[in-house]
Structure formats: C-alpha cells, structure tokens
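Some notes on the structure that comes next.
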Amino acid sequence: MDRKVRVRFAPSPTGPLHMGGVRTALFNYLFARKQDGDFLLRIEDTDQNRYVPGAEDYIIESLKWCGLVPDEGVGFGGNFGPYRQSERKDIYYKYAEQLVANGNAYYAFDTPDELDALRAEAEADKGVFSYDTHTRLKLKNSLTLSRDIVEEKIKAGEPWVIRFRMPEDTVVTENDLIRGEVSFNTASLDDKVLFKADGMPTYHLANVVDDHLMQISHVIRGEEWLSSMPLHILLYKALGWEDTRPRFAHLPLILKPVGKGKLSKRDGDKMGFPVFPLLWKDPVSGEQYRGYREDGYLPEAFVNLLALLGWNAGNDQELFTMDELIQSFSLDRVVKSGARFDPEKAKWFNRHYLQQRPDAWLSESFRKQLEEKDVAAGDQERLIRIVGLIKDRCTFPADLWEHGSYFFVAPGSYDEKTISKRWKDDTSGKLQAIADFFKSLDNWEAEQIKEDFSAFMNQKEWSFGQVMVPIRLALVGSSQGIDLFLIFGLLGKEETIRRIEKALQVIKTA
RNA sequence: GGCCCGUUCGUCUAGGGGUUAGGACGCAAGAUUUUCAUUCUUGUAGCAGGGGUUCGAAUCCCCUACGGGCUACCA
C-alpha cells in the first residue's frame, strides 16, 4: 500500500527567494497536485545569524503570486506544525542524543578557532582538513575523552556540538528519482555537525527529523543537496526510520545566461532581467533587486517559463496552464543537466500570456499608467478599443504607453530620420491641402474617412506613399503605429487637423 | 585538491542501437500590413573529443576534456 504523497518546500529565510527556489517550489507543487498529495511550506530558520527580516513574508507572497498555495505550513495551518524550525527547537536534541546513545554520533568540544587553525594548517600543506574517520580520534570529543571528562566539560558549561559518526568505507547507493542510481563511499565523507553549540540543530538533522515527523514521502530539492544525500540516508537509518524514509529527487540547477556558474543575485542587474519573483529591498543595505512581478511579467508566464527550465512534457507543447502542467508533470521527465536561463524566451512567454488577457484587464493597467503620468485616460470604451488595437505590439503592460501614448498626448518631437527621408519639398503643401480637406468632412468615422480621402487623393492624382508617412509623423511623431485611418477616427477630427498643422509649423523644410 | 553530477543547434529541449537528428526562443529572408509591430512561410545552426562493443552508434561501455555542485557549529 502506497503512502500518501506529501512533499515540502523548505526555504531558509536568509533573503529573497530566487527564481531557482520558486522553480523548486513549483515542481514540488505540481508533483503533489498530480498525485493528489499535500504540499507543505516549512521555514528552515535554524541559523539565527543569517535570519533576514521580511524574507519569510517575501517567500509566502511569492508563492501566492505564482499560485503555489501550500496545503500546510507557516501561514497556512496544518496538523504537523509548527512549521518554522525555530519553533521546533525543543524536539531536535532528543534525536541527537539518541544517535549518541546508539553510537552513531558523539559530542565534540573542538572550538571553531581550533578547527580553523587545523584547516589553515592543512591548507598550508596543500591539503584539506576534514573532521572524519581519520582525524576524529586525534580531536577533542567523546570518542577520545573519558566519560567522566566529557560529563565534566558539559556540566562546566563548555560549548559542545554533536557530530555524526560517519561509518568507515561503506558504499551508500540511492536511486534518485531524476538521476537514477547514485553512489557514495563514506570514506570521502566527513563527520558533519548535527547539533550546534547554540542549541539549534543543523540543517541536516532538522531536515531529516522534520521530514520524518511531517511524513514527507518525497524530497524534491536542488542539486546542491545531492552530496548530502548519503548523510541524510544514513541518518534515517541510524534513527531507525529507514522503512518510511522519503525518496529523493535532485533538480538540475539554473545557470547564468552567459558566463560561468549558477544564476546569482546580481546577475539580474548586470544582464537586465529579474532573478527574483518580486521586488526586494534589502532591509539592511537598502539595496534593491527587481522582480518579475514589478517588471510586468504575468504570473502564468513566469510559472510557465520556470516549468520549462529543466522539464518538458515529452512532446512539442511549450505553453501550459497550471492545470495542464499538473496533468503533464512527472519527475522522470525532469532533465539532468543544468539549464541556462534565457531572458529572451522569458519575454516570449510573457508576450503570449499578455495577449491572452482581456482588453478590459489591460485597459486597467493602461489607465493606471496614464494616471501616473497625469494624462487623462478619458472614455473607458475608447480606452479598451485602443488597447485592443495596440496590444499585439506589447510584451509588457508598460509597453501600452509606448505604443499608445499618441492617442492621449500629441507628439512633442518628430523623428529626424523619418523627416529627412520622407518629408519632401512639396510635402508641406500637400499636407496643408489635406488638412483643409479634412475640415470639410462631416462624417469623421474611420471607414468613411478612408473612402473620402481616397477620392480626394485620386482627384489630386497624389499617391498615398507620398503623404501617409508624413501624416503619420505629424500624428504620432514617428513612422510607427496602427492603421492611420483608425488613428484619425480615434483622435477625432479637430485633434487630427490640429496635429497636422502643428507639424507644418514645426517641421521646416530647407 | 577530493567526492558527486552532467555534456544534442547560440539558448531551452525531443530523440535511449538503423531518423533527411524533430520542436521552441533568437537570428535571417520572403509574404501580408502603402508605415512600424504583429501574423504567416521559409531558412540558419547541433550529437565535446578519442577509443571500444556492434553489420550498424547521438543512443551502450571506457578514457580525456569541459561544465556544474558540494567540500562551515550556512542552508
């Protein structure tokens, strides 16, 4: 009988969650939903020194923005709480002590300074110091000290830690759900600290204890944890939980678009794209990091692009709703190699999802932008109509202004290149004649203007090519924009004529 | 340095013994749009290298190279 699927996303609140973290959360979420399981959020704040205020709220808000709402966890309730490790502090020692009692761990009294000295010494010798099977018998711990002395030291309040006693020369093999069989020899592993001098467990202990207590069935996490998998497996064994321990799946890392290494905090600013889901302002340094949300990405686009970073459905489908992702997701289709993030493709996803949003929704965004610029948005129906006409030129909501501002504000300048290329000696005269002709029109509706204007042009024997771009220049300021007759209609007769005459004054041909 | 993981177009990837090595982003060209963008069509470009195994390797094995991760009383 299979156990209920329960997975967790377990970030540590040391700063803003970056997109790699969001992807880990996403894959956990998809896996849980697909298997009808539970998705939990556990906050791993065992390192008090690295705690950053606001980070936890940031994580929760990010998950919500992406639609990855946990079934249990900090801020979401549940029967396995508390879900913040700092609030679980009291439960870990007993397990560490149990490990000492059954010979799988030991007390160690070496101070950080002493260990640093040993590391420095080894380094000078071109070696590496490791607290392991070869060195532990030369160090200060309950393996080398008599029971009395150990008790005495503890009683005297000397700082101590509890270290895992890594077995000698045994092979740990695990079938990773993504990588397949992975083996490690314990001879190359060291005696990790499980319980710190400050009374808190380290990640390794807390993680194993909590996953067990919370009945986690699958640990889906980043590849940076792959090398600690043998330790964790050995811990489950030493604690007697081997039969119920979770299965492991290690996700490939997200790499920088260019250069070496994994995607990092500062890459975004350097390369012009966000690496965080939401804008983050560092409470200490005051530094600010851009976010996908504030940059105008839609959550469905962000989720979609993240899902395709290291996973695919096995066919040519690239566009997925959350429901489709849940339907299609499986861990065995997760790729093993690291994925270089491509900001260009991210934009392509956003463009797609932006087009899917209703015009009314986009018009609200446009209205806000106009208000911020102190420009009257005017009639709602007209605004929606404009949005419908210009949206296919937009990738982000902010592009609406770039491609639609001329409907609300007359151009302040005229593109020089277009002038020199398209504004001929006789252009001014023709435009004045056209403006005068416009004044005579009664029916100012795009289709009708087109008809009347065509007749006028025929009669004058002028070609469209000679005047269309100059008129566009007068109305828009550049050679861009939607169909000119639609612009006439949307601008209105008076404004159209006013802009043409204004351009005639400003643009002087030599 | 040690341990572990990885390597198919520039990027994300499909393909797991016999394929004209497929798709997407990007880029380029053409068509449409009397502008620009969109859209459509076409094109561009790849199995890291070397050894095996095999009638036959992108696919299986080994080596090398390269990339990545870990190597804290951080997660």
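Residue numbers begin at 1 in each chain, while the letters A, B, ... track the order of the sequences. Model, not experiment: these values are computed from the prediction.
- The side chain of A/R351 approaches B/rU38 more closely than any other nucleotide in the set B/rA75, B/rU13, B/rU38.
- Pairing for B/rU53 is absent, with no Watson-Crick or G-U wobble pair whose two atom distances lie under 3.5 Å.
- Mapping A/W160 and A/W311 onto RNA chain B by nearest heavy atom places A/W311 at the nucleotide closer to the 5' end.
- Geometric assessment of A/R163 against the ring of A/Y131 yields a positive cation-pi assignment under the 6.0 Å and 45° thresholds.
- Using a 4.0 Å cut-off, some side-chain N or O of A/T46 falls inside it from OP1 or OP2 of B/rA75.
- Ring geometry for A/F456 versus A/F437: interplanar angle under 30°, hence parallel rather than tilted (30 to 60°).
- Rounded to an integer number of Å, the gap from CG of A/L486 to P of B/rU35 is 14 Å.
- The separation of B/rG22 from B/rG15, taken at their C1' atoms, amounts to 8 Å, rounded to a whole angstrom.
- For A/F184, whose side chain is taken as the heavy atoms from C-beta onward, the closest listed nucleotide among B/rC3, B/rC74, B/rA14 is B/rC3.
- Nucleotides B/rA65 and B/rG50, compared at atom C1', are 10 Å apart to the nearest Å.
- Toward the 5′ end of RNA chain B lies the nearest nucleotide of A/H403, the other residue of the pair A/F195 and A/H403 mapping further downstream.
- Using modelled atom types and a 3.5 Å distance limit, the side chains of A/N185 and A/D169 yield a donor-acceptor pair.
- Within the nucleic acid shown, A/S183 comes within 4.0 Å of sugar-phosphate atoms alone, with no base atom in reach, counting heavy atoms only.
- A/I482 comes within 4.0 angstrom of a base, heavy atoms only.
- Residue A/K262 places no side-chain N or O under 4.0 Å from the OP1 or OP2 atom of B/rG67.
- A/S330 and A/W311 share no donor-acceptor pair across their side chains, judged by distance under 3.5 Å alone.
- Across all strands, A/V128 comes closer than 4.0 Å to base atoms (heavy-atom distances).
- Within 4.0 Å (heavy atoms only), A/A197 reaches at least one base atom of the nucleic acid.
- Using P as the reference atom, B/rA29 and B/rA37 are 11 Å apart when rounded to the nearest Å.
- Within 4.0 Å (heavy atoms only), A/N185 reaches no atom of the nucleic acid at all.
- Ranking B/rA75, B/rC73, B/rC4 by closeness to the A/P112 side chain, first place goes to B/rC73.
- Contact annotation for A/G127: no contact, since no heavy-atom pair falls under 4.0 Å across all strands.
- Dashed line: the shortest gap from a side-chain N or O of A/K192 to OP1 or OP2 of B/rA72 is not under 4.0 Å.
- Closest to the A/L226 side chain, of the nucleotides B/rG23, B/rC5, B/rC74, is B/rC5.
- Side-chain proximity of A/R50 to B/rG26, B/rC74, B/rU13: nearest is B/rC74.
- Distance check on atom P: B/rG67 versus B/rU8 gives 14 Å, rounded to whole Å.
- For the pair A/H18 and A/L263, the minimum side-chain heavy-atom distance is below 4.5 Å.
- Taking atom P in both B/rA21 and B/rA45, one finds a spacing of 14 Å when rounded to whole Å.
- With both pairing distances under 3.5 Å, B/rU33 is matched to nothing as a Watson-Crick or G-U wobble pair.
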Given side-chain contact (heavy atoms from CB on, under 4.5 Å), test A/Y289 with A/R266 step by step and report yes or no. CA-CA 8 Å; A/Y289 297 94; A/R266 285 168 211 286; 3.4 Å; yes
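- Straight-line distance from the CG atom of A/L205 to the C1' atom of B/rA72: 16 Å, rounded to whole Å.
- Protein atom NZ of A/K256 is 14 Å distant from nucleotide atom C1' of B/rG67, rounded to whole Å.
- Ranking B/rA75, B/rC5, B/rU35 by closeness to the A/R472 side chain, first place goes to B/rU35.
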Please determine whether side-chain contact (heavy atoms from CB on, under 4.5 Å) holds for the pair A/K347 and A/F273, giving the CA-CA distance in whole Å, both sets of side-chain angles, and the decisive distance to 0.1 Å. CA-CA 10 Å; A/K347 286 183 194 162; A/F273 64 90; over 6 Å; no
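- For A/R163 and B/rC73, the shortest distance from a side-chain N or O to OP1 or OP2 is below 4.0 Å.
- Each of A/N141, A/L205, A/L99, A/V100 was scored for a side-chain contact (heavy atoms from CB on, under 4.5 Å) with A/I162, with one residue passing: A/V100.
- A/G222 comes within 4.0 angstrom of no nucleic acid atom, judged by non-hydrogen atoms across all strands.
- Atom CG of A/D342 and atom P of B/rC25 are 11 Å apart (whole Å).
- Using a 4.0 Å heavy-atom distance criterion, A/K260 is classed as a sugar-phosphate-only contact.
- Rounded to whole angstrom, the span from the CD atom of A/E224 across to the P atom of B/rA75 amounts to 13 Å.
- The side chain of A/N312 places no N or O atom within less than 4.0 Å of a non-bridging phosphate oxygen (OP1 or OP2) of B/rU13.
- Regarding contacts with the backbone of B/rA75, a side-chain N or O of A/K196 is found under 4.0 angstrom from either OP1 or OP2.
- Between the side chain of A/K345 and the base of B/rA24 there is at least one donor-acceptor pair of N/O atoms closer than 3.5 Å.
- Contact of A/R340 with B/rU11 (side chain to base): no donor-acceptor pair of N or O atoms is detected under 3.5 Å.
- Protein atom CZ of A/F453 is 13 Å distant from nucleotide atom P of B/rU34, rounded to whole Å.
- If you take atom C1' in B/rU71 and the same atom in B/rC25, they sit 37 Å apart, rounded to whole Å.
- Using Watson-Crick or G-U wobble geometry with both donor-acceptor distances under 3.5 Å, B/rU38 finds no partner in any strand shown.
- In the set B/rC25, B/rC70, B/rG6, B/rG6 carries the atom at the smallest distance from any side-chain atom of A/S337.
- Pair assignment for B/rU11 gives B/rA24, based on Watson-Crick or G-U wobble hydrogen-bonding distances that are each under 3.5 Å.
- Using atom P as the reference point in both B/rU32 and B/rG26, the two lie 23 Å apart (nearest Å).
- The A/V335 side chain lies nearest to B/rU13 when the options are B/rU13, B/rC5, B/rG10.
- Between A/H250 and A/F248, the two ring planes are parallel [angle under 30°; tilted spans 30° to 60°].
- Nearest to the side-chain atoms of A/E318 among the listed nucleotides B/rC73, B/rA24, B/rA75 stands B/rA24.
- Distance check on atom C1': B/rU7 versus B/rA58 gives 12 Å, rounded to whole Å.
- Pair check for B/rG67 finds B/rC5; Watson-Crick or G-U wobble, both atom distances under 3.5 Å.
- Note on A/D191: nothing from the nucleic acid sits closer than 4.0 angstrom, heavy atoms only.
- Formation of a donor-acceptor pair under 3.5 Å by the A/Q317 side chain with backbone atoms of A/L319 is found in this model.
- Comparing B/rC73, B/rG23, B/rC70 by their closest approach to the side chain of A/R119 singles out B/rC73.
- Following rounding to the nearest Å, A/F248 (CZ) and B/rC70 (C1') show an atom-to-atom distance of 16 Å.
- A/R221 comes within contact range of no nucleotide atom at all, as no heavy-atom separation falls under 4.0 Å.
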